[in-house]
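Being a predicted model, the structure only gives us computed values, none of them experimental.
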Amino acid sequence: MTTKKTLKRIIDVAAGREKADLAIINANVVDVFNHSIIKNAAVLVANGVIAGVRTEGELCADQIIDAKGEYVMPGFINGHVHIESSHLCPEMFASAVVPHGTTTVIADPHEICNVCGVEGLDYFYKATENIPLSVFFMVPSCVPATPFEHAGAVLGAKEIEKCINLDRVLGLGELMNYVGTSLGDDEILDKIMVANKAGKPIDGHSPNIHGETLDAYVAAGPFTDHECATPEELRERTSRGMYVLLRQGSACHDTERLAKGVDDYNARLCMFCTDDRQPNSIYKEGDIDNNIRLGVKGGINEITAIQIATINAATAHHLTDRGAIAPGKRADIVIAPSLEYPLPSKVIINGKLVAENGKYLEEVKPYIPKSVSGKVNIGDFSKDKLKLKINGNKARVIGVIPGSVVTKNTIESVCTDNDGYFMYSPDKDVAKIAVIERHNGLGNIGVGLIGGYGIKKGAIALSIAHDSHNFITVGVSDDEMYLAVKELERIGGGIAVVQNGKVIASLKHEIAGLLSAELNVKQMMEELDKIHKLAIDKLGVSKDVDPLMTLCFMALPVIPELKITDMGLFDVSAFSFTSVDV
């Protein structure tokens, strides 16, 4: 909150009566309001606020930054992100994205809330209080994501009501149950009414719905959608007044394709987002600066792309204090040599230089409360629970499709031992997969088969399995799958790789089994790359398959066709559980 004294000083600096804290000179300023460039200008900053933009007259400031003809533009805003997908704690996440010009994010802590409930949101809220990156939140609306798996918590209307009025909570998170929303499901309506009562917006998530079903969904209240797959879908949603987020995640690459649906009229209803982005993608390609580059490549005008990355997102989320280089706006500023490829030379947040030439200048001090640590309780898990009885020599198998999280529902011939239990055969690309409930010690274990993954030796286990994040393991023997799961239990969650009866790699994710507070983005990328290489070179996982990301999504029972949860094998097309037996 700006005090009267501070406001008076900002006014005096703007009027030239007082010296500015900072002046950025020799700048080509991007005017997102007039879709133009203010050439050879100076930007004055006082008390973390932009006091004015000058093209003439004398300047007086405590600090001068010479832009040397580079472009000065507003800090970039990520309209929808799950920080958890970075594997990094919020403080480390900030150190990764701020050097790329991202100064504000709208985060949906859906993943950690599925593990820790409201305590997960509370952790994120406190961890982001004193970092340069501005982090706002949408309260997750789908915890648990489905009734077909056990999550670590339940966020109903009452729980949402307790936190939706927090200062940095902007609204209700994505309504992923788009079918239930369109049908007016009573439980969903209760959550919508909480948001309506608080006067806060609702994020959407509506893949592949059209016509009257889309009308019903939009009428329920969602004002955004980040699930558009085609330019036609983008235009269908903007025609209904929805903001469309052009997404560039690690798995979903939509920005360049959707850019072809953006024109001079609907561009104001577009934003950029990353949704789910892995460390490798952030480190090698960037963040919202990468969306801008791909948007321009897809045909969007350069200044329009900057508008989409800044003022559009600020306007959509009622963040009236940012999104432009203009008097009274927060001094969140990106200086970059190019509009088309806006890799920043300098990033300023709240008037302070926080990143330069790709280097984060702030100290990183992770905050880890006990409430989100050691979230592992697998109960009386034993090796015998991994046994899988097969009646006959045919079985239903989850068929992996390379490069996709969609799977096939296939029937394969399999081998069994003398007692009829599944036995891995090196002649067949069919291995065992299991999901172990890890939140409340319920003892639930779903066991099935997976084909096309390619594993020939050992086992892999993760505590990152969308959306409920139970333990998931795949392997060629019960002994090694058991050992991998027990290693996850020992380290408190993360990733474990086993070969020849020994743990050959493990990567601790001590925060809710989802995040690490010890590694920065480069270190995390390198550790994940090592495990990726081990999985392919030592365990024989197919080179066409991402060993970790593929496994992460095998427990998500809303993506066709066949998935597995701690409750069993799930046929997404039939929307019901099914048997491994044919």
- Task: State plainly whether the residues E129 and K126 are in salt-bridge range, i.e. N to O under 4.0 Å.
- Result: no
- Message: Within the 4.5 Å heavy-atom criterion, are I390 and D581 side-chain neighbours or not?
- Response: yes
- Message: Strictly below 4.0 Å, N to O, side chains only: are K383 and D479 in salt-bridge contact?
- Response: yes
- Note on the structure: When rounded to the nearest 0.5 Å, the distance separating CG of L556 from CZ of F148 is 12.0 Å
- Task: Answer yes or no: is there a side-chain heavy-atom contact under 4.5 Å between E149 and P557?
- Result: yes
- Message: One pair to check against side chain to side chain donor-acceptor pair (under 3.5 Å): T102 and D287. What are the steps and the verdict?
- Response: CA-CA 7 Å; T102 301; D287 198 57; 2.6 Å; yes
- Message: Between the side chains of K533 and D529, is the shortest nitrogen-to-carboxylate-oxygen separation below 4.0 Å, so that they form an ion pair?
- Response: no
- For I164 and L172, work out which heavy atoms get closest and say how close. CD1-N, 4.4 Å
- Any donor and acceptor pair, going by atom type alone, linking the side chain of E437 with main-chain N or O of N440 inside 3.5 Å? yes
- Query: Do side-chain atoms of E362 reach the backbone of S95 as a donor and acceptor pair under 3.5 angstrom?
  - Reply: no
- Side chains of N114 and D467: do they bring a donor and an acceptor to under 3.5 Å? no
- Beyond-backbone contact of F577 with D571, side-chain heavy atoms, under 4.5 angstrom: no
- Message: Using a 6.0 Å distance limit plus a 45 degree cone around the ring axis, check whether R247 lies over the aromatic ring of F272.
- Response: no
- Message: For E489, is there an ion pair with K486 - N to carboxylate O distance below 4.0 angstrom?
- Response: yes
- Query: Using the benzene-type ring in the case of Trp, are the ring centres of H87 and H509 under 6.0 Å apart?
  - Reply: yes
- Please assess H150 against N444 for the test side-chain contact (heavy atoms from CB on, under 4.5 Å), listing each intermediate value before the final yes or no. CA-CA 9 Å; H150 287 98; N444 273 34; 3.2 Å; yes
- Item | Main-chain N/O of A555 paired to T565 side chain as donor or acceptor, under 3.5 Å | no
- Note on the structure: Between L155 and C113, the two heavy atoms sitting closest are CD1-CB, 4.1 Å
- Item | Closest non-hydrogen atom pair between V81 and F93, with its separation | CG2-CZ, 4.2 Å
- Query: Is it true that R396 and E412 have a side-chain N and a carboxylate O under 4.0 angstrom from each other?
  - Reply: no
- Note on the structure: Taken to the nearest 0.5 Å, the spacing of D384 CG from Y482 OH works out to 10.0 Å
- Item | Polar side chain donor-acceptor pair, K428 to S413, under 3.5 angstrom | yes
- Message: Testing the 3.5 Å rule here: is there a donor-acceptor pair between the side chains of R168 and S134?
- Response: no
- Would you check if C163 and Y125 make a side-chain contact, meaning some heavy-atom pair closer than 4.5 Å? no
- Quick one: does K456's side chain get under 4.5 Å of L539's, heavy atoms only? no
- Note on the structure: Value for OG1 (T473) from CE (M481), rounded to nearest 0.5 Å, stands at 4.5 Å
- Message: I'd like to know whether the aromatic ring centres of F381 and F471 sit less than 6.0 Å apart in this structure.
- Response: no
- Query: Should S281 and Q278 be marked as a side chain to side chain donor-acceptor pair (under 3.5 Å) after you check the CA-CA gap, both sets of side-chain angles, and the distance that decides it?
  - Reply: CA-CA 5 Å; S281 302; Q278 299 284 314; over 6 Å; no
- Task: Keeping the roles fixed (side chain from S468, backbone from N470), state whether a donor-acceptor pair exists under 3.5 Å.
- Result: no
- Take K530 and E527, measure what salt bridge (charged side-chain N to carboxylate O under 4.0 Å, His left out) needs, and give me the verdict at the end. CA-CA 5 Å; K530 286 178 188 175; E527 289 300 315; 3.4 Å; yes
- Is the shortest side-chain N to carboxylate O distance from E487 to R490 below 4.0 Å? yes
- Query: With a cut-off of under 6.0 Å to the ring centre and 45° to the axis, is K389 in cation-pi contact with Y421?
  - Reply: yes
- What closest approach, in Å, do G494 and S463 show between heavy atoms, and which atom pair accounts for it? N-OG, 2.7 Å
- Message: I'd like to know if the side chain of E159 reaches the main chain of G156, judged simply by a donor and an acceptor atom lying under 3.5 Å from each other, with no hydrogens or angles considered.
- Response: yes
- Message: Under a 3.5 Å distance rule, please check whether Q499 uses its side chain to pair with a backbone N or O of V503 as donor and acceptor.
- Response: no
- Item | Closest non-hydrogen atom pair, Y123 against C89 | OH-CB, 3.7 Å
- Message: Please determine whether a side-chain nitrogen of the Lys or Arg among E526 and K522 lies less than 4.0 Å from a carboxylate oxygen of the Asp or Glu.
- Response: yes
- Query: Does any N or O in the side chain of T224 come within less than 3.5 Å of the main-chain N or O of G204, such that one atom is a donor and the other an acceptor?
  - Reply: yes
- Task: State, to 0.1 Å, how close K543 and I536 come at their nearest heavy-atom pair, and which atoms those are.
- Result: CG-CG2, 3.7 Å
- Task: Give the ring-plane orientation class for H80 versus H226, where under 30° counts as parallel, over 60° as perpendicular and anything between as tilted.
- Result: parallel
- Query: Quick one: does E285's side chain have a donor or acceptor within less than 3.5 Å of a partner on N290's backbone?
  - Reply: no
- Item | Note: K385-D380 ion pair, threshold 4.0 Å (strictly below) | yes
- Query: How are the rings of Y178 and H205 set relative to one another: parallel (under 30°), tilted (30 to 60°) or perpendicular (over 60°)?
  - Reply: parallel
- Message: For the backbone of L528 and the side chain of H532, can you confirm whether one donor and one acceptor N or O come within less than 3.5 Å of each other?
- Response: no
- Task: Would you sort out whether L551 and I433 count as a side-chain contact (heavy atoms from CB on, under 4.5 Å), showing the intermediate values?
- Result: CA-CA 9 Å; L551 201 53; I433 186 169; 4.0 Å; yes
- Query: Is there a donor-acceptor contact under 3.5 Å linking the side chains of H82 and E174?
  - Reply: yes
- Would you check, one step at a time, whether the test side-chain contact (heavy atoms from CB on, under 4.5 Å) holds for V572 with I559? CA-CA 7 Å; V572 182; I559 297 179; 6.0 Å; no
- Task: To the nearest 0.5 Å, tell me how far N500 CG sits from K538 NZ.
- Result: 9.5 Å
- Message: Closer than 3.5 angstrom, by distance alone: can the side chain of D276 be matched with the main-chain N or O of A251 as a donor-acceptor pair?
- Response: no
- Side-chain heavy-atom pair K432, Y424 within 4.5 angstrom cut-off: no
- Query: So do H110 and M176 actually touch side chain to side chain, heavy atoms under 4.5 Å?
  - Reply: yes
- To the nearest 0.5 Å, how far apart are CG in L562 and OG1 in T578? 7.0 Å
- Query: Within a strict 4.5 Å, meaning less than it, do heavy atoms of the L507 and L519 side chains meet?
  - Reply: yes
- Can you measure from CD1 (I106) to CE (M271) and round to the nearest 0.5 angstrom? 8.5 Å
